[in-house]
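This is a predicted model, so every value here is computed, not measured.
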Amino acid sequence: MLLLLGLCLGLSLCVGSQEEARSWGHSSEQAGLREPRQVRLLQRLKTKPLMTEFSVKSTIISRYAFTTVSCKMLNRASEDQEIEFQMQIPAAAFITNFTMLIGDKVYQGEITERGKKSDDTVKEKRNKTAEENGEKGTEIFRASAVIPSKDKAAFFLSYEELLQRRLGKYEHSVSVRPQQLAGRLSVDVNILESTGIASLEVLPLHNSRHRGSGRGEDDSGPPPSTVINQNETFAHILFKPSVVQQAKIAQNGILGDFIIRYDVNREQGIGDIQVLNGYFVHYFAPKDLPPLPKNVVFVLDSSASMVGTKLRQTKDALFTILHDLRPQDRFSIIGFSNRIKVWKDHLISVTPDSIRDGKVYIHHMSPTGGTDINEALQTAIRLLNKYVAHNDSGDRSVSLIIFLTDGKPTVGETHTLKILNNTREAARGQVCIFTIGIGNDVDFRLLEKLSLENCGLTRRVHEEEDAGSQLIGFYDEIRTPLLSDIRIDYPPSSVVQATKTLFPNYFNGSEIIIAGKLVDRKLDHLHVEVTASNSKKFIILKTDVPVGPQKAGKDVLGSPSPEGDGEGDPNHIERLWSYLTTKELLSSWLQSDDGLEKERLRQRAQALAVSYHFLTPFTSMKLRGPSPRTDGLEEAHGMSAAMGPEPVVQSVRGAGTQPGPSLEKPYQPRIKISKTSVCGFRREEQVFSNIMKFSFSSFLRLEYKFRGKNNRWLGSVLLGPHQLLEVFIIVFLLLCCTCKFLKPRTSQRLAVDTESTRSPGDRM
């Protein structure tokens with residue numbers, strides 16, 4: 001009897017202590033008290049999904065890169081949990097494949113046409129998303145799904161891009177941001193260039209925006225565990241760090257970009273022309289030519305928003321750039337806010353005195369007032385047109401405007417379309433405008449259209465980045481113009497659907513690329529003619545390029561080449577042509593102000609993107625499935641990196657967020673696809689509940705367990721027979737003492753109550 005009584009009292013005491021602990025914990029949470037660091041770390045490790053594998057495979061064939069990312073996750077929790085897969089991709093890339101494997105189910109995507117009504121909205125959202133979320137030159141893909149308890153998931157993402165040559169190098173960058181130590185991590189890159197690889201380097205892991213990313217133990221050279229094998233035309237780069245090596249690079253997982261830079265051998269003359277199965281690509285990058293004189297007007301925003309670091313860094317960069325001008329160049333400087341402040345009303349020759357005076361003028365610029373973008377551009381164009389009109393030397397030159405701002409138009413003409421029309425009419429295709437936007441408040445879409453419509457380029461500099469170094473790097477790309485008015489012609493009877501063939505300027509270290517279709521696949525020779533201007537002379541190059549029957553076979557390590565349109569053999573040049581054509585159609589659509597013309601361009605771009613499985617602002621991805629998983633599917637997707645797109649799935653890119661369908665059946669994973677700038681996994685707040693459990697074996701045992709919200713056992717306390725006996729004895733003694741202590745107090749209280757209930761007459 002006493003044993004059962006002690007047991008009941010012991011249980012009540014345990015329950016009461018736990019209720020007290022729970023109420024104390026709740027009050028502590030309200031008071032802002034934090035749990036011990038070790039407890040928080042343990043909880044985080046238990047809730048965070050485990051990444052068992054993160055691998056990236058890229059194959060670059062003649063500057064065209066096919067990349068597939070494979071990520072495998074494990075849900076270790078005791079209940080269903082949402083897992084997110086995120087990947088930064090180059091802004092110029094088209095996503096061509098996306099597949100999710102959740103347990104034994106396969107979810108595939110399909111590229112379809114996007115509705116016409118959402119075109120403008122999509123483009124606007126795309127620009128906003130790219131500006132707010134991506135790092136410089138990147139966009140972010142995100143897919144999330146609810147994974148069953150103790151189950152696995154795999155994500156496969158493929159994208160394609162044409163590498164651009166800048167400063168004499170092609171750069172292939174792979175984002176490596178698993179956000180945790182991965183069980184198996186690898187970046188595998190194959191490069192195949194038929195003309196030969198002239199130079200190749202692997203940079204240290206680099207991240208320009210995130211602190212604590214870790215560069216590796218040595219900043220001069222490739223990351224640890226990188227292996228490079230190279231011959232004349234082929235290179236294989238493998239980055240495969242172990243878990244220990246990952247921890248040395250960054251304790252919580254690698255956070256950086258794996259960057260490869262290389263260049264190819266090229267002959268002087270007409271350039272490199274490659275033909276494959278009825279498609280051709282022409283790479284033209286001459287060198288060793290005398291530079292053209294350039295007329296440059298630096299237009300610098302000096303409004304009040306530029307106060308502080310931005311203006312100081314910009315001034316320092318302009319000091320460096322002025323010293324880099326050549327004696328045959330001409331330049332001027334304009335500062336603008338709500339007033340336009342011109343250094344000289346005409347272009348000045350480059351001399352030590354003029355450089356010194358220009359630096360003094362820049363030094364005394366002070367931030368004040370608003371932002372009159374329209375009048376600043378008009379003034380710069382007038383300066384350039386005036387000089388060209390009165391220049392009788394006969395030397396051909398290139399007119400450039402380098403325009404830098406951190407805001408939106410607030411003074412004068414503020415309507416975007418009016419500013420674009422005024423600039424286009426004033427420039428008349430004779431002035432190239434290169435724009436740089438600083439910070440998060442800049443109207444980047446306006447700057448982008450200004451550059452597109454006026455044969456220029458645009459760059460964005462984030463708040464936390466060094467505006468000065470970005471400006472210098474941007475200027476280095478255009479500092480040496482070699483040719484102007486370039487025209488590349490092919491016989492109309494031999495070539496159809498060629499991409500852009502007219503180019504206003506060619507700068508040293510860049511490259512001109514044209515692709516097209518051959519009318520006759522059995523053509524023996526292709527006639528090519530290039531005309532251009534260089535300073536005081538015209539250049540005319542003519543040649544007949546031999547075009548033999550070529551087939552696409554096994555390319556890299558015995559793997560089949562990327563697929564084409566299904567007609568004939570696989571063809572990477574065909575995909576390069578479709579990539580370039582789609583890009584040009586999108587650019588023309590952005591520049592056009594004519595409704596009928598925009599609709600025609602939209603339809604062409606949409607049809608081409610759907611045909612080649614490119615996710616663009618005019619196409620969308622719809623998830624299909626679930627379908628049963630087949631044997632070898634993971635292996636097939638793992639290899640699709642180097643093969644190009646297969647009929648698997650597309651996913652979200654520059655077009656805005658395209659959520660996938662939610663599955664309404666119980667216990668089915670919920671799938672969501674969108675874009676975000678946040679890297680990492682979501683964490684759920686933990687609310688603790690208490691569970692008491694009895695179990696009888698040879699002796700009575702009390703087991704007390706802590707259980708979390710997600711059915712995770714966080715700990716337990718076991719009371720054996722000896723401990724239970726001690727508890728019963730203590731409880732019995734306490735009970736006896738309590739009864740003995742309460743007895744006299746109860747008698748006294750009853751006496752008082754009896755006394756108080758007597759009437760006044762009775763008391764008398």
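Separating the CD1 atom in I95 from the CE atom in M87 is a distance of 10.0 Å, to the nearest 0.5 Å. Distance check, rounded to the nearest 0.5 Å: NZ of K449 to CG of D443 gives 10.5 Å. Remark: L457 CG to I478 CD1 distance equals 7.5 Å, nearest 0.5 Å.
In the model, S366 has no side-chain atom that pairs as donor or acceptor with a side-chain atom of T368 under 3.5 Å. Side-chain atoms of S354 and K344 include no donor-acceptor pair closer than 3.5 Å. Y579 and E161 share no side-chain donor-acceptor pair at under 3.5 Å.
The local environment of CZ in R339 is sparse, with at most 12 non-hydrogen atoms from other residues, nucleotides or ligands closer than 6.0 Å. For CZ of R604, the number of neighbouring non-hydrogen atoms (other residues, nucleotides, ligands) closer than 6.0 Å is 12 at most. No more than 12 heavy atoms of other residues, nucleotides or ligands shown are found within 6.0 angstrom of CZ on R487.
Test K169, R166, R266 against E511 for salt bridge (charged side-chain N to carboxylate O under 4.0 Å, His left out) and you get one pass: R266.
Judged by the 6.0 Å distance and 45° axis criteria, R460 is positioned over the aromatic ring of F444.
When all heavy atoms of K294 and L325 are compared, the closest pair comes out as CE-CD2, 4.2 Å.
F331 has its ring centre less than 6.0 Å from the ring centre of W343. Taking the ring centroids of F434 and Y475, they lie at or beyond the 6.0 Å cut-off. For F336 and F403, the ring centers are positioned less than 6.0 Å apart.
A 4.5 Å side-chain heavy-atom check between F298 and L318 finds at least one atom pair inside the cut-off.
Taking the six-membered ring for Trp and thresholds of 30 and 60 degrees, W589 and F618 have ring planes more than 60 degrees apart, a perpendicular arrangement.
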Checklist line | side-chain hydrogen bond (donor to acceptor under 3.5 Å, both in side chains) assessment of R326 paired with T480 | finding: CA-CA 10 Å; R326 296 183 176 87; T480 310; 2.8 Å; yes

